[in-house]
Amino acid sequence: MVRALLAALLLAGFASAQDIAKPIPFDTPEADAIVSKMQVFPKDNAWNLAVDKWPTHPNSTKIVASIGPNKPFRYNTDMGYILVPPDQKRLDLKLVDYPDESDKGPFPIPESIPIEGWPAQYLREPKLKNATLDEVQRDTRKENGDRHAIVVDPKNMMLYEFYQMKKVSGGWQAACEATFDLKSNKLRPDGWTSSDAAGLPIFPAIVRYDELKRGMVEHAMRVTVVKTRRAYVHPATHFASRLTDENLPRMGERLRLKADTDISKFSPEVQAICKGLKKYGMLVADNGIDWAISCAPDPRIPVLHEELRKLKGSDFEVVTP
């Protein structure tokens with residue numbers, strides 16, 4: 001049924017990046033049709049590599065133990081994005097924390113740019129469900145947090161990601177901005193951060209509605225852990241720790257759901273995530289809640305907490321090329 005819907009949207013012209021005339025929110029059939037046809041980074045990019053045949057890291061058991069083998073697997077409904085036309089108006093941005101590790105503007109920032117968690121987290125939280133997007137953009141309720149914001153230009157295949165994005169008097173500000181060419185394997189400069197601590201992009205890691213309906217997340221995901229090592233491994237370019245214990249994961253460390261993990265009793269949506277974790281794995285991208293991946297805050301995606309928590313840290317292993 002979903003394939004038929006995407007086909008219908010193609011016929012209607014919705015799935016052509018060339019036809020984008022105005023910003024399109026991620027939680028729409030139009031966005032589904034467009035992103036489902038995008039080649040996000042080249043096929044040999046780290047986010048697109050199948051790792052189901054990779055060997056287990058020799059220190060896998062101890063690294064998993066440092067994160068927590070008995071801790072539940074989780075997800076955050078956090079990372080939304082917006083698609084923009086190639087002629088989207090570009091705006092100046094005040095960079096307040098990492099100007100020397102940010103790319104140069106101006107940037108294509110639409111008025112309707114979603115901030116991390118918008119809209120599903122807000123709709124599902126009684127104290128926040130009446131918030132407007134403008135209030136969230138301005139952080140009038142003083143939620144603070146990472147406030148990621150993501151803009152995708154599918155015509156030019158460019159990605160713009162912002163950390164701690166906020167609308168202020170006279171414009172916008174962010175702690176950091178990272179621009180990625182989705183046609184290229186080029187990394188951030190060595191030692192540079194991004195909107196993620198590891199220097200990685202977020203958009204290619206997001207669990208999206210269209211993928212869940214197709215039956216498999218066909219790329220690596222991002223995962224956070226509380227403690228990381230003062231080190232990074234390809235494709236990461238930055239660390240965010242003073243700890244040197246070799247049993248801690250590095251930024252960019254790749255973890256994979258073990259092949260023999262039984263996923264047959266899960267819902268189709270959770271099975272789609274698990275299939276992706278078995279084939280493509282997940283990359284350590286930031287310090288945060290242990291064993292937490294990122295899912296689009298899309299109201300069309302059902303709440304998956306109880307199912308995902310049935311997986312434990314011990315169901316995962318660290319792999320290496």
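What you are looking at is a predicted structure, and each value in this text was computed from that prediction instead of being measured.
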Atom CD of E111 with >12 non-hydrogen neighbours under 6.0 angstrom: no
Neighbour count >12 (heavy atoms, 6.0 Å) for atom NZ, K89: no
Let me see the working for Y160 and E177 under side chain to side chain contact (heavy atoms under 4.5 Å, CB included), right down to the final yes or no. CA-CA 7 Å; Y160 306 88; E177 191 283 335; 3.7 Å; yes
Please check if atom CZ in F266 has more than 12 non-hydrogen atoms from other residues, nucleotides or ligands closer than 6.0 Å. yes
Do E143 and Y122 get their side chains close enough for a donor-acceptor pair, meaning under 3.5 Å? yes
Only one of K258, R256, R254, K62 passes salt bridge (charged side-chain N to carboxylate O under 4.0 Å, His left out) with E317; say which it is. R256
We want to know whether S294 and D78 form a side-chain donor-acceptor pair, criterion being a heavy-atom distance below 3.5 angstrom. yes
Pair T132-D134, side-chain donor/acceptor within less than 3.5 Å: no
Please report whether the ring centroid of W291 lies less than 6.0 Å from that of F316. yes
Return yes when atom NZ of K279 has more than 12 non-hydrogen atoms of other residues, nucleotides or ligands closer than 6.0 Å, and no otherwise. no
Scanning both residues in full, the closest heavy-atom pair of A240 with A197 reads CB-CB, 3.9 Å
Output field: ring centroids F180/F203 closer than 6.0 Å: no
So among L95, D97, D146, which one has a side-chain contact (heavy atoms from CB on, under 4.5 Å) with Y163? D146
Between the side chains of E253 and H57, does any donor sit under 3.5 Å from an acceptor? no
